[in-house]
Amino acid sequence: MNTDANVRPSAAPDPRRYFEQVDPSRSTEAVRPPVCLYLEITNRCNLLCETCPRTFETLEPPADMSWELFTRIVDQVPDLQRAVLHGVGEPMLVRELPRMVRYLKDRGVYVLFNTNGTLLNPRKFPELIATGLDELRVSLDAADAKTYALVRGKDFFDRIVRDVRRFTDHQRSVGAATPRVSLWLTGLKETVGQLPEFVRLAAGMGVGEVHLQRLVFDESGFGMARAESSLFERTRDEEQEAIERATALGRALGVTLDASGATEPGLSLRQAEGEQPWSLCRRPWSLMYFTAHGRALPCCIAPFSARGYDSYTLGDATQQSLREMWNGPAYRGFRDSLLSEDPPKPCQGCGLRWSL
């Protein structure tokens, strides 16, 4: 099959290596421009997930990122290597999504996004493949319809399983190697026991990758994003056993089980070593996150780890250039705090193995 996806340039096979380019002698001033952008192309969603802050509060007015704002941001990053087109919304609601992916792929950028899979229907398959998208991450979060409805708030489980299987079948029929499809499960006490069946489900859907996603929440919590549901630092023997069984099953079925942050699942649920793990974070030196309205945040964790954006806003892409923001007072102050013994409060509980 000779599609645009076959001829567009692609970035390095492991896009997470952009972290290696960060100067190890980090200071309050970044010596290099960012190489990764998180672009929240919409904050709208068609689900009411129990682990998402937008279900419980309005972070910003509902909006899609305009084409003008999208290109304004992208065009200011000369050595952009990786673009993540999601935030707290569902990217496939955005009409301009295929155009945005193509715009980035024409520059050789590695492009991915997470989707809830509810809008992945057959008429979109050819266009999605033709964009050259590198990764399609489907957040399913459960191995059965009942648990899915508990976590996701609506009953779309059977439809998603059917349509993802249709998509991987279509890929094979046309010989398309990309996008690489993966299934994601948020590690909750309510769901981690389903991990072996989740791996089995992935194999039946033609998906070769499963990722265990870390649960992120602030101190007060909301819905299922609260300490009682978290596995972080609280993994019990039976939960660890489920992870081990799922890993073994994955090997037998040809499904790779990994964890967010490019590490193994059990390790991802334990805090990073060291008394100040936050001081090793490289995100404010390597990437920028923009909301649908152009608000700059320090990372993709910020919307989930604090109530509101006021204390985390590092700039406004509608009013400032990225160069002005990147080494402006707000960014320098955030970096200085992160390298100190008293970082921003949500960062104190963060480690090296948060989601990429």
Once rounded to the nearest 0.5 Å, what's the spacing between atom OG1 of Thr131 and atom CG of Leu97? 7.5 Å

Check against salt bridge (Lys or Arg N to Asp or Glu O under 4.0 Å), Arg44 and Asp64: CA-CA 7 Å; Arg44 299 183 299 118; Asp64 294 348; 2.9 Å; yes

Is there a side-chain contact between Asn46 and Asn116 (heavy atoms, below 4.5 Å)? yes

Would you confirm whether Arg137, through its side chain, and Leu183, through its main-chain N or O, come within 3.5 Å as a donor-acceptor pair? no

Taking CZ in Arg335 as the centre, count heavy atoms belonging to other residues, nucleotides or ligands within less than 6.0 Å. Is the count above 12? yes

Report the C-alpha separation of Tyr148 and Asp158 in whole Å, then their side-chain angles, then the decisive distance to 0.1 Å, and conclude whether the side-chain hydrogen bond (donor to acceptor under 3.5 Å, both in side chains) test is met. CA-CA 10 Å; Tyr148 176 88; Asp158 292 335; over 6 Å; no

With no hydrogens and no angle check, just 3.5 Å: does a side-chain donor-acceptor pair link Thr147 and Glu190? no

Is a donor from one side chain sitting under 3.5 angstrom from an acceptor on the other, for Glu135 and Tyr110? yes

Restricting to non-hydrogen atoms, name the atom on Pro344 and the atom on Phe334 that form the minimum distance, rounded to 0.1 Å. CG-CE1, 3.6 Å

Has the side chain of Glu90 got a donor or acceptor atom that lies under 3.5 Å from a matching backbone atom of Met92? yes

Parallel, tilted or perpendicular, judged at 30° and 60°: which one describes the rings of His170 and Phe125? tilted

Do the side chains of Arg152 and Ser139 get nearer than 4.5 Å, heavy atoms only? yes

Short side-chain to backbone donor-acceptor contact, Lys105 and Val109, under 3.5 Å: yes

Which label fits His86 and Tyr38: parallel for a plane angle under 30°, tilted from 30 to 60°, or perpendicular past 60°? perpendicular

Sub-3.5 Å donor-acceptor pair from the side chain of Asp134 to the main-chain atoms of Val111, do we have one? yes

Distance-only donor-acceptor check, side chains Asp316 and Thr318, under 3.5 Å: yes

For residues Thr186 and Trp184, is any side-chain donor paired with an opposing acceptor at under 3.5 Å? no

Find the distance between CD1 (Ile160) and CG (Leu120) and round it off to the nearest 0.5 Å. 9.5 Å

How many angstroms lie between CG in Leu39 and CG in Leu104, if you round to the nearest 0.5 Å? 7.0 Å

Do you know which two heavy atoms are closest between Val181 and Val207, and how far apart they sit? O-CG1, 3.5 Å

Step by step, work out the side chain to side chain contact (heavy atoms under 4.5 Å, CB included) result for Leu80 and Val35. CA-CA 5 Å; Leu80 182 61; Val35 292; 5.9 Å; no

Does Arg172 CZ have over 12 foreign heavy atoms under 6.0 Å away? yes

Please evaluate residues Met65 and Thr42 with respect to the criterion side chain to side chain contact (heavy atoms under 4.5 Å, CB included), reporting the C-alpha separation (whole Å), side-chain torsions for both, the decisive distance (0.1 Å), and the verdict. CA-CA 6 Å; Met65 182 176 285; Thr42 186; over 6 Å; no

Would you give the length of the straight line joining atom CD of Gln320 to atom CD of Gln76, rounded to the nearest 0.5 angstrom? 10.5 Å

Rounded to the nearest 0.5 angstrom, the CG-OH distance for Asp75 and Tyr103 is 3.0 Å

For Val88, does its backbone N or O pair with a side-chain atom of Glu40 as donor and acceptor, under 3.5 Å? yes

Which heavy atom in Leu69 sits nearest to a heavy atom in Ala292, and how many Å separate them? CD2-O, 3.7 Å

Could you state the interatomic distance from CG (Leu85) to OG1 (Thr115), rounded to the nearest 0.5 Å? 12.0 Å

Minimum side-chain heavy-atom gap Leu257-Arg251 below 4.5 Å: no

Is there side-chain contact between Leu338 and Cys281, with heavy atoms separated by less than 4.5 Å? yes

Set out, in order, the CA-CA distance, both residues' side-chain angles and the distance that settles side-chain hydrogen bond (donor to acceptor under 3.5 Å, both in side chains) for His211 and Glu209, then state yes or no. CA-CA 7 Å; His211 294 264; Glu209 294 182 38; 3.1 Å; yes

Any heavy-atom pair between the side chains of Tyr309 and Pro303 that's under 4.5 Å? yes

Heavy-atom pair with the smallest gap, counting every atom of Leu287 and Trp326: O-CZ3, 3.5 Å

Would Asp336 and Tyr331 count as having a side-chain donor-acceptor pair, cut-off 3.5 Å? no

Could you check if a side-chain atom of Pro62 sits within less than 4.5 angstrom of a side-chain atom of Asn43, using non-hydrogen atoms only? yes

Donor-acceptor contact present, side-chain Arg295 to main-chain Thr313, <3.5 Å: no

Specify the closest pair of heavy atoms between Trp285 and Ser27, including all atoms of both residues, with the distance to one decimal. NE1-O, 2.8 Å

Can you find a pair of side-chain heavy atoms, one from Val138 and one from Ser182, that are under 4.5 Å apart? no

Any link between Val174 and Met205 through a network of hydrophobic side chains (Ile, Leu, Val, Met, Phe, Trp, Tyr) touching at under 4.5 Å? yes

Close side-chain approach of Thr191 to Asp141, heavy-atom, < 4.5 Å: no

Could you go step by step and tell me if Ile129 and Thr178 meet the side chain to side chain contact (heavy atoms under 4.5 Å, CB included) rule? CA-CA 7 Å; Ile129 292 172; Thr178 57; 5.8 Å; no

Run the side chain to side chain contact (heavy atoms under 4.5 Å, CB included) check on Lys124 and Leu119 step by step: do they pass? CA-CA 9 Å; Lys124 295 181 179 179; Leu119 302 174; 3.8 Å; yes

Treating Thr58 as the side-chain partner and Glu60 as the backbone partner, does any N or O pair qualify as donor plus acceptor under 3.5 Å? no

Please assess Arg200 against Glu197 for the test salt bridge (Lys or Arg N to Asp or Glu O under 4.0 Å), listing each intermediate value before the final yes or no. CA-CA 5 Å; Arg200 192 183 302 278; Glu197 284 307 308; 3.4 Å; yes

Ser340 side-chain N/O to Asp342 backbone N/O, donor-acceptor pair under 3.5 Å: yes

State, to 0.1 Å, how close Asn327 and Ala30 come at their nearest heavy-atom pair, and which atoms those are. OD1-N, 2.7 Å

Same hydrophobic cluster for Leu140 and Leu48, using side-chain heavy-atom links shorter than 4.5 Å among ILVMFWY? no

